[in-house]
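No experiment lies behind these values; they were computed from the predicted model shown. Every chain is numbered from 1 and lettered A, B, ... according to where its sequence line falls, protein lines coming before strand lines.
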Amino acid sequence: MGEVRNNHSDNDTHAAPVWLDEAYLEPILQRSKKDPGLRILQLDIKPATAKGENYASIMTRVKVNYLASGSKVPGHDFYIVKTTYENDPYIAGVFGGYDVATTEMQMYEKILPQLTDLLQQTSNPEKVFAQTLHVDYEHAAIIFEDLTVTKHQTADRLIGFDMEHAQLALRKLAKMHAAAAVLNEQQPGVLTKYDHGIFNRHTQGFAPFFTSMVGVAAEFAAETSELGPYYEQKLKAMQKRVMEYSTRAYDPQPDQFNTLIHGDYWVNNVMVRYNENSKELQDLVMIDFQFCSWSSPAVDLHYFFNTSLETEVRFQHQDALVQYYHSILVQTLKDLNFSGYIPTLRQFVLQMEKARFFAVTVSLVSHAIMINDQNADADFNGLMLDDERGRKFRKLIYTNKKLRDILQRLLPVFDRCGLLDVVD
Amino acid sequence: MSVTDLISALDSLPKFESEVIVKGSNCPGVPDWLTETYLEHALQKFYNDQALKITALDLRPALGKGENFGGVLTRLKVDFRRGDGSCATGHYILKTSFEGDEFARKAMEPYDIFNREMSIYEEILPKLKSLLLEIHDEEEIFAQTMTVDYDRSALVFEDLNARGFVMPDRLLGLDLKLARLVLRKLAKMHATSAVLNERENGALESYDRGMFNRHTENYAPCFLGLLAAAKRRVSQWPGYEKYAEKLESLLPIYMELGKRVFDVTQSHINVLAHGDLWTNNVLVKYDKASGEPLDVIIIDFQYSAWGSPAIDLFYFLNSSLQWDLHLHHQEDLIRYYFDIFSATLRKLRFNGNIPSLVRFRHQIQTKEFYAMHTSCTIFPIHRNVETEDADFNALMENNQRALNFKDACLSNPVTQRLLKELLAVYDRKGLLDANQ
């Protein structure tokens, strides 16, 4: 399993925020530890994200040496500070439309702590989220515990999860989904107002990216003998509908089970922990709540399945994983005395089918950039802009052999289900 | 013993060879009224030739035990001379209902299978053929009707055997080419029926007595008995206990789940479903030289009902295919069917909503219980090799003989292998849960 890369030269990482200093952090720590006499002795600040790891935010790792009141021995705490691309107006403009900073701040400040409280009441409580230290709306910054300190690490996005990891990831997801449904039942409207997922009815900011990538996929099909002009034509025609069809998967339907979905649930947005000695998988925490929205859980599942699984698990065991996810969802909903609609497994399977077009988008576009190992132009401009650099980068993404092999198998599966047909 | 050996053994069983009958008949199952005179009148009407005369008549039983539970079939070979002096030979099948067995008659009565088949051969199928001719499609889907006699519950249609059509091997299942041939015919039959229903203001919607329906549960002992037999067999397999439990828990809700498949969902595309589409209701013409299948004809419309195409699709795809197709290629075949179905609807200018493949799949998926039902209870009967006790009573009753018969069906190794593969698949799709 890989680690988050953090030992790169300055060209490959992003700079830490200027306002992050002792004077800023001390009162925050004092409040958090209920210790007005606490003093910060030393701050160690390091950039934490490399290019290609995160297109939407900047992460900074903070190590704090402090002295608690009446203590002679210094304490150490570790945090991650998460901020946005405030300085780049283009990026800020696009992401602004998605409200990502606000959503995530509200998640960490208000929502996740309430979900945690709810989950504490279940018969098998477990940690699902990182604990929030502080949310700063003015600087659009979130500070939460650094999970690497408790030996959590990011998994290898190039390989994906086996069944064991996948089940653990789905168990946590199911608990989040269940707790969120219950929270909204207790406080009607508190979560249904979140409607700025990656696909939403307010902005099409990412459209150039998705549309152009489907075009690259069409070219890939044309030059692959097993696929050929049939698929090329279908994908070319699909370009102008991919945004609408994907957004339909997100629209909450009244006769389905809806909840607050994660919205970007893939390998890089969980952190896993192994036993130091036995190397056994022990725990998993969910991170990164920028794209939460009130939708069908099928969105999270199709996204997860098509970005985060080992290839054979993806092709052969999705049904079993859905069944597993569903069992935890139902168990947790019942544990929390949810009195709303709880879908049967069959009903949930049909709900997954209704949103299945989203698997196409995720497979052709999202997964393509996630298993990209060519990092030179791997930034937001490379994804979005219709310039020489952007076109070159997007084409390069599709030279990835693993991606090509998967799509060669997957496109006929989608096609026989009618998912590559433009219907309106 | 391999499957091929079994088939050879079955084939070499002495067939019921009767004497050639010329006038009058003492052929078993053939009614008294079936005289040369009767047939002569029928032929005169059919050929619109009052001077037609029969010169020779040959009657033989058409099927053996285990091949058809829905009536008595007699093969007729009729030599006749037309009014203009020319001679010809007609080959027909006479189909009449069970007249002997009171138990069977009573059980089947509310399903009205004989009247239904007669009305379909008389009124519906010829109109479907006309619709195809409207779009210059000369595809042959059914046997041609010669005469329909409601008073006597008798149906005479052309004997396709005489044209070289034979029954495919019911134990092997159909290969890709044959499956597609059947699906092509089915698609056109479905499409024309949807159009006919539209043009005749819902006339086909009165066909509401399929195998599961809201008028009767007479076949419950058969379906529930087979489900129970499946459960008995599955519970013997280590590691399959939870599936056996799920099958058991389905018993109280099973008939209701079946009825929901047949309930008409108005917002979906609906058709006149065949209702019993499996290998034995399909006749194939093979090329004499290469052995390749050239054409198929669909027969036996006793269980036709207005409803979802899923009724036929899930039944056919889960009863009649070769192993690999059954397990891994149903989606391909559904697409193949759908492309022809929707194209035919379009050509005929169907006014209703023609769903996209994606929508169509969503629609039929609401009826997917029928796939599980077919694989788990129908497939075992169809593939049964112990045909000695294979009759209607063995299916419908609950006595020891009937239980033994059903257990025998579930002892077939092919059936067992199928269940071992598919139970897990159905379970993951939520189709084994009492609460679906």
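The part of Val423(A) that comes within reach of chain B is its side chain, from C-beta onward, which places non-hydrogen atoms under 4.5 angstrom from that chain. When heavy atoms are compared at a cutoff of 4.5 Å, Asp319(A) approaches chain B by way of both its backbone and its side chain. Leu350(A) touches chain B through its side chain: at least one heavy atom from C-beta onward sits under 4.5 Å away, while N, CA, C and O do not. Both the backbone and the side chain of Asp415(A) come within less than 4.5 Å of a heavy atom in chain B. Residue contact with chain A, scored on non-hydrogen atoms closer than 4.5 Å, involves the backbone and the side chain of Asp332(B) alike.
Side-chain contact between Ser293(A) and Asn200(A) is absent, with no heavy-atom pair separated by less than 4.5 Å.
Ranked by heavy-atom pairs under 4.5 Å with chain B, the first of Val322(A), Val413(A), Asp421(A) is Asp421(A).
Both tests pass for Arg409(A) against the ring of Phe315(A): distance under 6.0 Å to the centre and angle within 45° of the axis.
For the ring-ring contact (aromatic ring centres under 6.0 Å, His included) with Phe348(A), the qualifying choice from Tyr324(A), Tyr341(A), Tyr325(A) is Tyr325(A), the only one to do so.
Scanning both residues, His302(A) and Val362(A), for their nearest heavy atoms gives O-CG1, 4.2 Å.
Residues Asn318(B) and Gln330(B) bring a donor and an acceptor atom of their side chains to less than 3.5 Å of each other.
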